[in-house]
Each structure stands twice: as C-alpha cells, then as structure tokens.
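For reference, the structure is listed below as structure tokens.
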Number of protein chains: 2
Amino acid sequence: MKETLLCPRLAKAMELLGKRWTALIIFQLIDGAKRFNEIESSLPISGRLLSERLKELEKEGLVERTVFSEVPVRVEYNLTDKGYALKDVVDGIESWSKEWF
Amino acid sequence: MKETLLCPRLAKAMELLGKRWTALIIFQLIDGAKRFNEIESSLPISGRLLSERLKELEKEGLVERTVFSEVPVRVEYNLTDKGYALKDVVDGIESWSKEWF
DNA sequence: AAAGTTAGTTACATAAAGTAACTTGTGATT
DNA sequence: AATCACAAGTTACTTTATGTAACTAACTTT
C-alpha cells in the first residue's frame with residue numbers, strides 16, 4: 001500500500017467505519033443496548049461477521065459488552081460515548097439515503 | 001443473505017458508502033474537481049480500485065466525469081448535488097476522528 | 001437423557017481488494 | 001520513421017475478507 005498525505009486519524013476512522021456492517025451495527029445501537037440475537041436479526045449479517053465486528057468495535061472503544069449470567073446467557077451491547085458521538089453521522093447517512101435514493 | 005427489516009434506502013446507501021475507499025474519494029472531491037492521478041496520489045488506493053469506485057459513483061450519480069481532449073488527456077471528476085449532499089456526513093466523520101482518535 | 005436456548009466458533013467456498021506489469025491514444029524528440 | 005513521454009486506465013495474478021452452514025458450551029426444562 002502506498003503512503004499518502006491523508007490524515008492518519010481520518011484514515012483510522014475510515015478503516016473502521018468503512019468496513020462492511022460497521023456503520024449499520026452502530027446505527028442499530030443508537031437507540032439503546034441490544035443483545036447479540038437482536039442485532040443479528042435486524043441486519044442481514046451472519047453471526048460469524050457480527051461477532052467479528054463487535055469485537056473490533058469493543059477493542060476500539062465504541063461498543064461495550066455486558067454479560068448477564070442468566071439462563072440462557074444474555075449478552076448486551078451498547079455504545080460508549082465514543083460510539084454515540086457518531087449519532088449525527090449515521091443520522092446524516094440515513095436522511096441522505098431517504099432524500100436521494 | 002438473510003432478509004431483514006432494514007430500510008432498503010439505507011441499505012443501498014450503506015452498500016455504496018460502506019465500500020472501502022468510497023467515502024474517502026468523496027472526501028477528496030468535496031473541495032472541487034480533481035483528476036484521476038490527483039485522487040490516486042492523495043489516497044493509498046491503486047488505480048485498479050480507484051477506477052472501479054469512480055465508475056460505481058458515476059453510475060449511482062454521485063460523481064460526474066469530464067474528459068478534456070488535451071495531450072496527454074485530462075479527466076476530471078467532480079461531485080454532483082447528490083454527492084455533495086454528503087458533505088456534512090464526511091465532515092462529521094472527519095471531526096469525529098480528530099476528537100476521538 | 002433428550003431437546004431447547006443464547007452466544008458464539010469452525011471449516012470451507014466465493015467474492016473483493018492488493019500488486020505490478022501492460023495497453024491506448026496522442027504528440028514531442030532523436 | 002522509430003522511440004519516448006504522459007495520463008488514464010486495464011489485465012492477470014495473489015492475498016484477504018465475506019458468506020454459508022454446521023457445530024460447540026453451558027445450563028434448563030420436559
């Protein structure tokens with residue numbers, strides 16, 4: 001990959017947000033915590049990739065994972081402040097899509 | 001791929017914007033037209049993919065392609081209204097990246 | 001003890017992205 | 001006339017990411 005003048009922060013952000021499903025997962029969590037299966041059924045994503053994406057988002061500090069030791073186990077995901085700070089962005093994409101498609 | 005309750009317009013928008021480089025290409029064009037080589041050298045993207053992305057963006061009506069029959073040939077790309085309507089979104093991503101990374 | 005439930009994981013097939021060399025059209029240079 | 005330079009791609013090939021479906025772990029209810 002070539003080097004570039006591109007701002008490293010923006011590059012990093014786009015590396016994350018530009019990945020398939022990432023923005024839609026954040027979009028699903030904007031209105032509050034959801035569990036794994038809820039996200040999985042609200043998007044056409046497989047468990048394999050959802051699991052992978054949630055791990056990335058957790059690692060980057062946009063998403064927080066909480067395990068409830070019930071039976072069967074319940075796991076909830078919710079946005080951190082860093083993740084929620086993207087609300088305007090994902091809302092902007094949503095309204096753009098409604099206006100132009 | 002599973003079916004979902006997801007809004008088809010948003011799904012379509014994300015299919016486009018979620019592709020690698022797409023948002024960064026739009027970002028490069030926000031301040032005005034650029035030619036192929038300028039975009040290529042301002043991003044760590046190869047000619048192969050840049051060409052592919054620009055075709056997609058042109059097909060979806062976000063980008064306009066203009067050929068100038070000079071020697072050597074000059075080709076400029078610029079945003080349409082539909083593409084420019086994403087300015088707030090890409091600016092939002094940029095400021096988020098500066099604040100949180 | 002067999003079946004159900006959530007939240008994953010594994011193995012394998014297909015599609016997308018990365019890399020580098022090649023092509024096309026045109027005019028200028030040797 | 002043959003070679004070279006240049007922008008804007010394209011082609012062939014390799015590597016990585018994604019899609020699909022079957023499987024696992026832990027624990028409960030039937």
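Proteins come first, then strands; the chains are lettered A, B, ... in the order of their sequence lines, and each starts at number 1.
Taking atom NZ of A/K19 as the reference point, atom P of C/dA16 lies 17 Å away to the nearest angstrom. Atom-to-atom, CZ of A/R20 to C1' of D/dG19 comes out at 9 Å; the value is rounded to the nearest Å. One interatomic measurement links the two molecules: CD1 of B/I45 to C1' of C/dA20, which rounds to 16 Å at whole-angstrom precision. C/dA7 atom P lies 9 Å from atom CD1 of A/I39, rounded to whole Å. For the pair A/R65 CZ and C/dT6 P, the computed distance is 16 Å after rounding to whole Å. Separating the CD atom of B/E15 from the C1' atom of C/dA15 is a distance of 13 Å, rounded to the nearest angstrom. One atom, CG of B/N37, and another, C1' of D/dG9, lie 10 Å apart when rounded to the nearest Å. To the nearest angstrom, C1' of D/dA8 lies 9 Å from CZ of B/R35.
Here the side chain of B/W21 pairs no donor or acceptor atom with the backbone of B/P44 at under 3.5 angstrom.
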Please list every donor-acceptor pair under 3.5 Å in which a side-chain atom of residues 83-91 of chain A meets a protein atom from a residue at least two apart or in another chain.
residue: A/K87; atom: NZ; partner: A/D91; partner atom: OD2; Å: 2.9

Please report, to 0.1 Å, the donor-acceptor pairs under 3.5 Å made by any side chain of residues 29-38 of chain A, with sequence neighbours excluded.
residue: A/K34; atom: NZ; partner: A/Q28; partner atom: OE1; Å: 2.8
residue: A/E38; atom: OE1; partner: A/R35; partner atom: N; Å: 2.8

Let me have the donor-acceptor pairs involving side chains of residues 69-76 of chain B, under 3.5 Å, with sequence neighbours excluded, atom names and distances please.
residue: B/E70; atom: OE1; partner: B/R74; partner atom: NE; Å: 3.1
residue: B/E70; atom: OE2; partner: B/R74; partner atom: NE; Å: 3.2
residue: B/E70; atom: OE2; partner: B/R74; partner atom: NH2; Å: 2.7
residue: B/R74; atom: NH1; partner: B/E76; partner atom: OE2; Å: 2.8

Sequence neighbours excluded and cut-off under 3.5 Å, please list the side-chain donor-acceptor pairs for residues 54-62 of chain B, or say none.
residue: B/E56; atom: OE2; partner: B/R53; partner atom: NH1; Å: 3.4
residue: B/E60; atom: OE1; partner: B/K12; partner atom: NZ; Å: 3.2

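Considering only residues two or more places apart in sequence or on other chains, A/S95 meets the side-chain contact (heavy atoms from CB on, under 4.5 Å) condition with none of them. Partners of A/E52 by salt bridge (charged side-chain N to carboxylate O under 4.0 Å, His left out), not counting sequence neighbours, listed by chain and number: A/R48. Remark: B/R9 engages no residue in a side-chain hydrogen bond (donor to acceptor under 3.5 Å, both in side chains) (not counting sequence neighbours).
For the segment residues 71-79 of chain B, the set of residues with a heavy atom within less than 4.0 Å of an atom of DNA chain D comprises B/P72, B/V73, B/R74, B/V75, B/Y77, in numerical order. Near DNA chain C, defined here as any heavy-atom distance below 4.0 Å, the residues from residues 48-59 of chain A are A/R48, A/S51, A/K55, listed numerically.
A chain of hydrophobic side-chain contacts below 4.5 Å, direct or via other Ile, Leu, Val, Met, Phe, Trp or Tyr residues, connects B/L79 to B/V67.
Taking only side-chain nitrogens and oxygens, B/W21 comes nearer than 4.0 Å to OP1 or OP2 of C/dG18.
With rounding to the nearest 0.5 Å, the separation of CZ in A/F27 from CG in B/L10 is 5.0 Å. Taking CG from A/L24 and CD1 from A/I39, the interatomic distance works out to 11.5 Å, rounded to the nearest 0.5 Å.
Comparing the helix axis at one end of the helix from C/dA1-D/dT30 to C/dT30-D/dA1 with that at the other, each defined from 5 consecutive pairs, gives an inter-axis angle of 30° (nearest 10°).
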